[in-house]
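Here's the structure, in structure tokens; my notes come after.
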Amino acid sequence: MKEGVVKKGQDIGVGRGIEPNPVGSKYAGIEVKESDLRDGRYMSIRYSAMFRYRWDTGIAVGRFLEGLRDGRIVGSRCNVCKRILVPPRVFCELDFAQIDDWVYVYDTGRVNTYSISYIDKQARRMSSPVIVAVVELDGASQGMGIMHLLGEVRPEDVYVGMRVKAVWRSREERKGAITDIVYFKPL
Amino acid sequence: MDIIPKGERIGIVGVGYAGLADIKRVSAKDHPSNSDTISTNTSSSIDTNISTNVSISTTTTPHYSYKELMFLAARMAYEDADIMVRREDRISFICCTEDFWEGNMISDEYMPDQLGAVLRPLCTVAADGLYGLITGFMQIRSGLVDVAVVEAHSKLSDVVSRKEIVRFALDPVYIRGIHPDIDPYFIAGLEMNRFLYETGNSRESCANVVSKNKGNALANPRACYASNVDSSAVLSSPVVAYPLTSMEVSNYADASIVVVLASEHKARMLKGSTDGIVWIDGVGLCSDTPWIHDRNLADATYASLAAEMAYRMAGIEIDGVNKYIDLAEIDDTFSYKELQHMEALRLCRKGEAGILVKEGFTAKDGDMPVNPSGGSLGVGYLVEATGIHRVLEATLQLRGSAGGMQVQGARRALVQSWRGLPTASGAVVLLSSNQ
């Protein structure tokens with residue numbers, strides 16, 4: 001605040017504020033409508049930023065995605081703890097050993113746990129619920145597997161321990177992504 | 001007194017890195033710097049590194065994911081420290097990451113596996129790696145743990161929208177809106193202009209810093225931007241944001257850096273003696289106001305105050321700092337920053353930094369070597385790993401294992417970091433060895 005504009009120490013006060021809306025809203029405070037912003041009654045700042053990334057897959061993720069494109073699930077074996085890890089990594093998180101031993105595991109397995117999602121990300125009810133499951137894959141160490149969708153099954157028929165098998169996209173459709181598997185279905 | 005009592009010191013027992021100048025493998029990936037960064041001199045991203053006798057080095061690491069890069073750095077650091085990381089039970093892990101640089105919310109949650117930190121204490125410090133080092137220092141000092149692992153990395157080759165992310169750091173009401181397209185480097189231009197105006201340092205002095213640091217980097221096998229370049233070439237390179245030219249801006253590189261800290265007792269147990277242990281004698285940190293238009297743009301006040309804190313802890317008289325220290329690895333994100341920081345850290349008086357650089361006092365074989373590693377201008381800019389990379393270089397110096405960069409008889413080093421645009425935050429660490 002510059003001297004001369006306002007006397008030093010003088011309370012310049014605030015401009016006539018907008019009175020809280022006493023009626024028309026069941027909530028306390030000031031209700032701001034879309035039209036208020038449009039008409040410039042309030043200052044609004046619109047800023048959209050697009051952040052783009054191009055992650056290097058590195059060794060382990062790269063091998064896994066290549067495997068999916070070939071219609072196979074790749075794991076890696078730790079020579080210290082002997083576990084077969086899926087998805088694969090080049091280091092074991094339990095004993096901090098380097099891993100360079102690659103294996104295929106089966107695309108069949110057992111449901112470890114599942115949930116049935118009835119709402120979408122906007123919290124709207126979905127007409128058909130989505131079943132998400134953690135699948136322990138055959139050939140991998142106990143507790144190891146992937147998370148994916150379940151299909152060709154009614155929500156009420158899913159159970160923990162259910163045997164399932166991957167349903168793959170056709171060779172031409174596969175592009176090295178987790179969606180190369182459409183879902184797992186009951187075996 | 002704030003001096004660390006004898007017998008309670010904290011030492012660096014291991015350092016490791018991966019990435020940086022990755023010789024041989026030329027990036028197959030179209031380097032995103034072309035699309036979102038200032039294009040600097042065309043030779044800078046593939047600089048010839050004569051010291052290693054290999055013709056091409058690259059600043060990207062397309063063959064490793066950031067997790068794999070971290071694993072390699074951590075493994076090297078643990079071997080260096082002689083620790084079996086999974087057998088340590090009084091250990092803590094600190095990562096320095098920013099979610100926007102990672103492209104992932106809660107990026108810290110993705111860090112444990114590759115550091116051997118699963119089911120162990122781990123936290124993220126969203127700041128420069130030196131803040132992480134100081135956090136580890138405090139955790140050991142408080143008696144919480146005996147060993148602290150500090151990691152910071154740059155995987156900027158994964159980030160396409162680098163400039164957009166820096167723009168996003170600007171104040172949305174007052175600054176971001178003033179121009180829709182302007183590159184955030186203009187803030188560096190504003191600082192540089194005021195710094196030169198107030199101190200009388202010249203643009204030539206700033207260019208000399210670039211020449212010195214890129215030259216020093218020729219002896220650094222980790223350097224991505226080493227070259228013989230004279231100051232006239234620096235000054236005649238395209239202007240980015242007056243008075244800053246493109247060659248005065250450090251360029252991006254990929255790296256993961258890991259530093260292992262231990263209490264003195266633990267460090268002696270690991271090493272069998274105090275040989276090779278680099279002690280942390282003082283630490284300091286400081287943040288200035290985010291009001292760019294209201295803070296002192298000429299002086300790096302944050303660096304002055306962080307340094308005072310560190311000098312006090314180490315029991316050093318401010319007037320005698322330049323005599324006490326054998327070398328300094330300080331922030332040179334932009335050319336003028338090295339001069340500004342030299343003066344702020346009281347390595348010289350205000351207005352003298354440029355002369356000292358010109359007369360060779362800060363050269364590798366000078367009285368007071370500054371950035372003998374090549375700094376950010378010579379090695380590459382590593383976002384949050386920038387400060388901890390300086391710790392790595394200083395540690396090698398104090399162990400007497402810096403190879404062609406070795407400063408003879410180096411026993412005490414000063415390391416300083418700045419958090420980068422648009423901040424005025426920084427940290428200082430004082431290191432020493434028994435060499």
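Quick note on labels: first sequence line is chain A, next is B, and so on, each numbered from 1.
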In terms of heavy-atom proximity below 4.5 Å to chain A, should [X] be classed as side chain, backbone, both, or neither?
{"X": "B:Arg87", "value": "neither"}
{"X": "B:Ala117", "value": "neither"}
{"X": "B:Leu115", "value": "backbone"}
{"X": "B:Phe100", "value": "both"}

Taking every heavy atom of B:Ala148 against every heavy atom of B:Ile94, the minimum-distance pair comes out as CB-CD1, 4.3 Å
Between A:Ile178 and A:His148 the two heavy atoms that sit nearest each other are O-NE2, 3.0 Å
Within 6.0 angstrom of A:Met126 CE, more than 12 heavy atoms from elsewhere: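 It does: A:Met126 CE has more than 12 such atoms within range.
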Crowding at OH, A:Tyr183 (>12 non-hydrogen neighbours, <6.0 Å): yes
Check B:Lys67 with B:Asp113, please: is the shortest side-chain N to carboxylate O separation under 4.0 Å? no
Are A:Asp107 and A:Lys165 close enough for a salt bridge, meaning some N to O gap below 4.0 Å?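 Yes.
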Are there residues of residues 58-71 of chain A whose heavy atoms fall under 4.5 Å of chain B's heavy atoms? If so, which? A:Gly58, A:Ile59, A:Ala60
Suppose a student defines contact as a heavy atom less than 4.5 Å from any heavy atom of chain B. Which residues in residues 87-104 of chain A would they list? A:Val90, A:Phe91, A:Glu93, A:Leu94, A:Asp95, A:Phe96, A:Ala97, A:Gln98
Structural part of A:Phe51 lying under 4.5 Å from a heavy atom of chain B: both
Ring geometry between B:Tyr381 and B:Tyr252 (parallel below 30°, tilted from 30 to 60°, perpendicular above 60°): tilted
Strictly by modelled atom types, are [X] and [Y] linked by a side-chain donor-acceptor pair under 3.5 Å?
{"X": "B:Glu151", "Y": "B:Ser256", "answer": "yes"}
{"X": "B:Ser92", "Y": "B:Gln139", "answer": "yes"}
{"X": "B:Tyr66", "Y": "B:Gln114", "answer": "no"}

For a 4.5 angstrom cut-off between non-hydrogen side-chain atoms, does A:Arg163 reach A:Thr108?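 They are in side-chain contact.
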If you define the side chain from C-beta out and look only at heavy atoms, does anything of B:Pro184 sit under 4.5 Å from B:Lys163? yes
